[in-house]
There are 2 protein chains.
Amino acid sequence: MQLRNQVEWALHCSAVLAGVPPGRFLPARALAEFHGVPQAYLSKALQALARAGIVEGTLGPAGGYRLAKPPAAISFLDVVEAVEGRASTFACAEIRRNNPCASPAHPPTGPCAIARVMWEADEAWRARLAAVSLADLGATLAAELPAELRDGIAAWVADRT
Amino acid sequence: MQLRNQVEWALHCSAVLAGVPPGRFLPARALAEFHGVPQAYLSKALQALARAGIVEGTLGPAGGYRLAKPPAAISFLDVVEAVEGRASTFACAEIRRNNPCASPAHPPTGPCAIARVMWEADEAWRARLAAVSLADLGATLAAELPAELRDGIAAWVADRT
DNA sequence: ACAATTCGGATATTGAATATCCGCTATAGC
DNA sequence: GCTATAGCGGATATTCAATATCCGAATTGT
Ligand code: SF4
Ligand code: SF4
């Protein structure tokens with residue numbers, strides 16, 4: 001079980017977009033170059049973010065993407081689910097129906113004990129991701145990244161908006 | 001992102017094996033028939049459980065599988081990781097190294113803030129699964145399943161051990 | 001000893017999901 | 001209005017999971 005690599009890209013792009021000056025747009029080409037990933041494929045992730053209402057894109061020269069909401073209103077979970085989907089990691093195939101002992105007249109009702117445990121774990125995973133926003137991430141990065149690098153990135157971004 | 005369906009099968013098989021009389025073995029063929037799944041593929045999951053020390057198999061007629069430890073000592077996490085692996089769901093490709101602003105002389109050190117959040121969520125998921133044992137599952141099933149069905153299953157199992 | 005079973009592992013095949021690429025259309029600025 | 005630019009959606013290739021098949025080794029009951 002593994003998340004798509006687009007999840008990582010989307011999180012990085014969100015972090016970068018959180019640092020774009022208000023009212024400006026950063027093109028997907030720049031985001032792809034910045035992270036060293038294929039531009040056409042990264043677009044897919046950005047499109048997914050746009051569909052989820054996390055970012056918004058505009059066409060033409062000086063176009064690109066920007067966050068559609070303030071960074072504090074966007075959680076890791078929002079970004080992850082936008083590109084990965086909301087499906088549970090545990091897919092129940094209802095194999096208990098094949099049980100030769102079960103009476104066909106009384107089909108099992110409700111989610112079984114196994115599925116409930118797995119879904120609970122899923123929920124704990126989600127809760128953790130929902131508790132961290134892009135604003136939190138920005139604060140952490142501001143504290144950890146060397147000031148020199150941070151300024152360099154800001155200048156690099158400002159240069160292409 | 002989705003777990004393999006073998007995870008579901010492995011959990012069901014573990015639950016059934018927890019009900020096998022001590023000292024007896026239940027063959028993979030019976031487990032496959034019971035759940036209505038392909039026998040050859042289910043063997044793969046059982047072999048993974050055997051490698052992880054969760055179940056043990058024995059050869060010859062009257063052979064089969066049984067739990068290698070008491071049900072209270074086997075957690076959901078043990079079973080899930082046995083067939084799914086212990087790899088984190090979030091694979092970090094270190095794309096921050098491609099950052100054109102970073103100085104090649106000072107490579108980023110330690111796991112970054114994004115990866116840390118994702119791993120924390122993973123850890124929460126694991127913790128939930130580690131907290132539930134096969135004995136807990138058995139207790140839940142005993143409380144929820146109709147007595148008639150439970151006896152039917154016990155008889156069906158006893159018939160093939 | 002022998003034959004019937006059963007696990008164990010290797011291998012091939014299929015199909016779906018993922019990663020990647022390319023052409024189209026809409027927009028902004030001159 | 002023309003052109004360069006950028007996002008959008010569909011088409012393509014690659015990877016990986018799911019399944020079937022086979023044979024060998026070990027064990028038990030006859
Ligand atoms: S996980 Fe539960 S509901 Fe799903 S197939 Fe198994 S027994 Fe049925
Ligand atoms: S998740 Fe963190 S460590 Fe991994 S590539 Fe992104 S920035 Fe680097």
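These numbers were taken from a predicted model, which means no experiment stands behind them.
With rounding to whole Å, B:Arg29 atom CZ is found 12 Å from C:dA4 atom C1'. We find that CG of B:Leu42 is positioned 12 Å from P of C:dG8, with the value rounded to whole Å.
Residue pairs meeting the ring pair (Phe, Tyr, Trp, His ring centres under 6.0 Å) criterion with at least one partner in residues 54-84 of chain A, sequence neighbours excluded, do not occur; the list is empty.
Annotation: side chain of A:Phe25 is not in contact with side chain of A:Pro27 (no heavy-atom distance under 4.5 Å).
Near DNA chain D, meaning a heavy atom under 4.0 Å from it, residues 45-67 of chain B has B:Leu59, B:Gly60, B:Pro61 in order of number.
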Report summary line: 5' to 3', nucleotides 10-23 of chain C under a 4.0 Å protein heavy-atom cut-off (B base, S sugar-phosphate only, - none) gives BB------SBBBB-
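Note: B:Phe34 CZ to A:Asn99 CG = 3.5 Å, rounded to the nearest 0.5 Å.
B:Asp122 contributes a side-chain N or O that, together with a main-chain N or O of B:Thr89, makes up a donor-acceptor pair within less than 3.5 Å. Although no hydrogens or angles enter the test, the distance criterion places no donor-acceptor pair under 3.5 Å between the side chain of A:Arg160 and the main chain of A:Leu26. Side chain of B:Glu84 to backbone of B:Arg4: a donor-acceptor contact under 3.5 angstrom is found.
Taken together through direct or relayed side-chain contacts under 4.5 Å among Ile, Leu, Val, Met, Phe, Trp and Tyr, B:Val80 and B:Met1 form part of one hydrophobic cluster.
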Query - salt bridge (Lys or Arg N to Asp or Glu O under 4.0 Å) between A:Glu148 and A:Arg150, worked out - result: CA-CA 5 Å; A:Glu148 167 198 9; A:Arg150 216 168 57 244; over 6 Å; no
